[in-house]
Every structure is written in structure tokens, then in C-alpha cells.
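Below you'll find the structure, written out as C-alpha cells, and then a few comments.
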Amino acid sequence: HCFTKSEQDGYLYCEGLKVQDVMESVERRPFYLYSKPQITRNVEAYVEALEGLNSIIGYAIKANNNFKILEHLRQLGCGAVLVSGNELRLALRAGFDPTKCIFNGNGKLLEDLVLAAQEGVFVNVDSEFDLDNIVSAARISGKKVNVLLRINPDVDPQVHPYVATGNKSSKFGIRNEKLQWFLDAVKSHPNELKLVGAHCHLGSTITKVDIFRDAAVLMVNYIDQIRAQGFEIDYLNIGGGLGIDYYHAGAILPTPRDLIDTVRELVLSRKLNLIIEPGRSLIANTCCLVNRVTGVKTNGAKNFVVIDGSMAELIRPSLYDAYQHIELVSPAQPDAEVSTFDVVGPVCESADFLGKERELPTPARGAGLVVHDAGAYCMSMASTYNLKMRPPEYWIDEDGTVSKIRHGETFADHMRYFEGL
Ligand code: LLP
């Protein structure tokens, strides 16, 4: 964890800086604060784990699409995993090498597939109609498309149902019993499609690497079957999904090395190139949402800490009942009573909470309070509900300077949508 409480003075620090000082120096709260060196360390963990394998780290842009962060990840050698035409445009703007990009999704639009074909990115085939659209995109662009078949391996990832994607009831991928239909369809379009690999993605927040191994065994079997029909396919894409330590309770979770080591021998035995699609495990732990306490109140049996951040800036607790660790940025006042609080925002919904039943020293008004591990699926899922405009983002650089990496959205930005109407 790059945000840690000092045992000496009780303040929260990141890369040697007091979060309290950063909070007081920026123009508005809440705001997202990242550690750029932690992003680098997370990528390095994957790069080191992948040593000895031909591989692509396809960063899943949906987790966090901050442009400055994307440029940094690209400079570190990452490719990108995209799920919309705009994510593809953004990746190209950020300079990602198209041959390290993978276009995924169950509802890819024809016009976006045309762009993908023109740019030469890998495209995952998700269904019969998707294949049809990819063939059309190849014809329109005059380019042959490198495709992977997204196979639904039907493995239970043991996670929240909203983030499970590789089991029978999921809307993603092709059913394995339909594999032959897809192989025949690819064969009948030799000018439009080149089959280069197979893909699966099991789900997100996975904390047992055996699940990846079970899926890889199945996938390598499919690859053997596909190769037996004369296809020269070289890529196994095992998706993303590695979980992180949201609880901060000392649990030991699998690392990128643990993940890669469970599939290494299989990949080498078939001389495959490995594609992985991490999002959360590259970016979640590099960031906190920094909020200020507006006040403390008690209603009947419940105590509440009301902060300026909310489900608009960070929806994971409301949407998935997700736990994200919460901490005050400064030491408790000597006379502060420790109580159990729900940490809530100002949005007009009872679903607007950042944490439930958290034990905290009663904070003073104006105290800083962070929600940890906010780098993935937080800003990228933020909304302007209740006209809470999207917050600014900052990072702490290698040399300990704080710079803004995205402006906060303003009321004026909002009114611009109505100009001239
Ligand atoms: N590849 C594919 C095809 C995916 O669908 C996803 C995530 C990833 C890679 C990256 O997975 P990761 O390594 O980040 O787990 N909003 C939810 C997570 C949704 C994940 C969707 N797919 C959350 O906040 O937990």
C-alpha cells in the first residue's frame, strides 16, 4: 500500500508527502490523488512476472482512462484493451501501439469495428452477429482483421455476480459447443479474417489463481483442437481479473507472479504468446479519493460521518456493496471518541454511502478522510448525479511534486451542453 499511516505522527503519507498538506494545497475537494511511482511498480511486477514469455500486457482502459495515466502506461510498454470506439480513439491519441491493442465487447458497433480494422488492432469475436460485423468492417476498410475467438469457458470465478463474466449465464463470449460453427465461419472468409488466437475473461476481483489455471487448461485444449484443423494460431489471451487487497487486514493475496506462474508451463508447452488484460491490479491501489468531513450526526441508532465525496464520485460501494478501506488523514484528537459510523455523501439517495459500520475516531469538521484503492473503476464510473461535477485528479511524481492530471469538471462545463440550443 503506497498510502500508509506513519507510526510516529499518525498522519497518512504517500511517497513521503502528508496527504493533509496535499489536501490543503489543492483548489477543491474531493479529489483523486495518485502515486505515479506506484503505477510504475505495478507494471514492473507484471513485466518481471512475464520474463521468458512472449507477451502483451493489455491494460484494460475501462478501469481508468485518465489521459496522463494512459500515456505513462504506454511509455512503460503496455498495450490496451478497449471496449468502445472512444476508448480506441483515446488509446490511439495516447500513442498505444495498435498491434498491442485488443478490441473487446459483446456489442461492438460496425463503425467502431471499421476504425479497429483500419488501425490493425486485434478484435475479439463475441457472437455470430459480431463476426458478421467484423467481416463487414474488413470489407469496408479493405483490411484483413486479426481475430481471437472469445470463448466462454464456463468457470466460476467466485466473485460478485455483477463482475462474473466467464460462466454459463454471462452475456459475453461464444458457447464452447458453438466453436465449430465459428471455425467454419472464419474459414469461409479467408480475405477478411485471420484467426490468431483464443480469448477468455473470467471475471474481476479474483483472488484464487487456481481459477486462472483451470481456465487456461480448458483454453489450451481448445487451441489444440483449433490447430488440429489447420489454423496457425499463436495467442492465448487469459483476460484480466486479478483481485487486490481492498480490506487492508493483512491478507496475503496472489501477485502477478503467482498468476503468471500458474499458466507459464502450459503457455510454453504450446509455444504460445500470452496476452493478459489487467485493469484493477495495475491501477486500483495507486490512488485514494480524498474527501473532507462536512459533519457528524446521529439518527436513532446510527452514527454518520457526512463527507463531501459521494456515490457520484465513487459508486463501487453502492453498486456492488464493495468494501473500500476508509481512514482519516490526520491523527485523532486526544479526546475523540471511537465509534461505529456509516460514511455517507450528500447525494439524495440512501444508497449513497462509501462505507458502512466503520470504526473511526469521531472526526472534526473539515478533517480529511480517504477512500483507499480508488484507482480502478472509480473515476471512470463517476457521474454528475445531483450535479456533483467530476472531481480533479492529481498525482505525486517520482520527485515528490504534486501535479494536476485532470481538471475538475465545473458548472460552466455543464452549461456548455446547452449553448446555442
Ligand atoms: N478484460 C475484459 C474482457 C474485461 O471485461 C475486464 C473487466 C478486464 C479485462 C479487466 O478486468 P480487471 O483486471 O480490472 O479485473 N466495475 C467493476 C469491474 C468491472 C470489470 C469489467 N471487466 C468494479 O468496479 O469492480
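For Lys5, the NZ atom sits in a packed shell: over 12 heavy atoms of surrounding residues, nucleotides or ligands are nearer than 6.0 Å. Counted within 6.0 Å of CZ on Phe67, heavy atoms from surrounding residues, nucleotides or ligands total more than 12; the atom is thus considered enclosed. Residue Lys178 qualifies as open at atom NZ: its count of foreign heavy atoms under 6.0 Å is 12 or below.
The NE2 atom of His414 sits 10.5 Å away from the OG1 atom of Thr410 when rounded to the nearest 0.5 Å. Atom CG of Asn191 sits about 6.5 Å away from atom NZ of Lys144, to the nearest 0.5 Å. Taking CG of Asp126 as the reference point, atom CG of Leu131 lies at 11.0 Å (rounded to 0.5 Å). From Cys14, atom SG reaches atom NE2 of His1 across 12.5 Å, with rounding to the nearest 0.5 Å.
Of the possible polar contacts, one joining the Glu87 side chain to the Val83 backbone as a donor-acceptor pair under 3.5 Å is found. No donor-acceptor pair under 3.5 Å is formed between the side chain of Asn64 and the backbone N or O of Lys62. One N or O on the side chain of Glu409 and one on the backbone of Arg390 form a donor-acceptor pair closer than 3.5 Å. With hydrogens and angles ignored, the 3.5 Å screen pairs a side-chain donor or acceptor of Asp352 with a backbone N or O of Val347. Between the Tyr32 side chain and the Glu313 main chain, a donor and an acceptor come within less than 3.5 Å of each other. A side-chain donor-acceptor contact under 3.5 Å links Asp258 to the backbone of Thr255. Judged by distance alone, the side chain of Asn386 and the main-chain N or O of Lys388 form no donor-acceptor pair under 3.5 Å. Side-chain atoms of Asn273 never come within 3.5 Å of backbone atoms of Ser55 as a donor-acceptor pair (strictly under, hydrogens ignored). Side-chain N or O atoms of Asp342 include none that pairs as donor or acceptor with a backbone N or O of Phe304 at under 3.5 Å.
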Apply side-chain hydrogen bond (donor to acceptor under 3.5 Å, both in side chains) to Gln225 and Gln180, showing your working.
-> CA-CA 10 Å; Gln225 285 175 39; Gln180 192 56 50; over 6 Å; no
Take Ser6 and Asp9 through the test side-chain hydrogen bond (donor to acceptor under 3.5 Å, both in side chains) and record every step on the way to the result.
-> CA-CA 6 Å; Ser6 150; Asp9 65 11; 3.1 Å; yes
Show your reasoning for whether side-chain hydrogen bond (donor to acceptor under 3.5 Å, both in side chains) applies to Glu15 and Ser35.
-> CA-CA 7 Å; Glu15 308 299 340; Ser35 155; 2.6 Å; yes
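Here the closest non-hydrogen pair linking Ile233 and Leu195 is CG2-O, 3.4 Å. Residues Arg29 and Val26 come closest through the heavy atom pair NH1-O, 3.4 Å. Here the closest non-hydrogen pair linking Leu70 and Ala94 is CB-CB, 4.0 Å. Minimum heavy-atom separation, Ile283 to Asn42: N-ND2, 4.3 Å.
Annotation: side chain to side chain donor-acceptor pair (under 3.5 Å) contacts involving residues 200-220, sequence neighbours excluded, comprise Gln158-Lys208, Ser204-Arg280.
Ion pair Arg227/Asp224 not flagged as a salt bridge, since none of the NZ, NE, NH1 or NH2 atoms sits closer than 4.0 Å to an Asp/Glu carboxylate oxygen. No salt bridge links Lys404 with Glu393; every basic N to acidic carboxylate O contact stays at or beyond 4.0 Å. Lys143 has no carboxylate O lying under 4.0 Å from a charged side-chain N of Glu192, or vice versa, which leaves the two without a salt bridge.
Contact check for Val19 versus Phe3: side-chain heavy atoms found under the 4.5 Å cut-off. Between Phe182 and Val125, the closest side-chain pair of non-hydrogen atoms falls below 4.5 Å. You'll find the side chain of Leu354 reaches within 4.5 Å of the side chain of Ile326, heavy atoms only. A 4.5 Å side-chain heavy-atom check between Phe231 and Lys187 finds at least one atom pair inside the cut-off. No side-chain heavy atom of Asp234 sits under 4.5 Å from any side-chain heavy atom of Val196. The shortest distance between side-chain heavy atoms of Asp245 and Ile252 does not fall below 4.5 Å. Within the 4.5 Å cutoff, the side chain of Glu277 has heavy atoms near those of the Ile102 side chain. In this structure, the side chains of Leu12 and Thr4 stay at 4.5 Å or more apart for every pair of heavy atoms.
Among the candidates His248, Arg316, Gln324, the single residue satisfying the side-chain hydrogen bond (donor to acceptor under 3.5 Å, both in side chains) test with Asp373 is His248.
There is a side-chain donor-acceptor pair under 3.5 Å between Gln20 and Glu24. Side-chain atoms of Ser84 and Asn86 include no donor-acceptor pair closer than 3.5 Å.
Judged by the 6.0 Å distance and 45° axis criteria, Arg358 is not positioned over the aromatic ring of Phe353.
In this structure Pro278 satisfies the side-chain contact (heavy atoms from CB on, under 4.5 Å) test together with Tyr46, Ile57, Ile276, Ser281, Leu282, sequence neighbours excluded.
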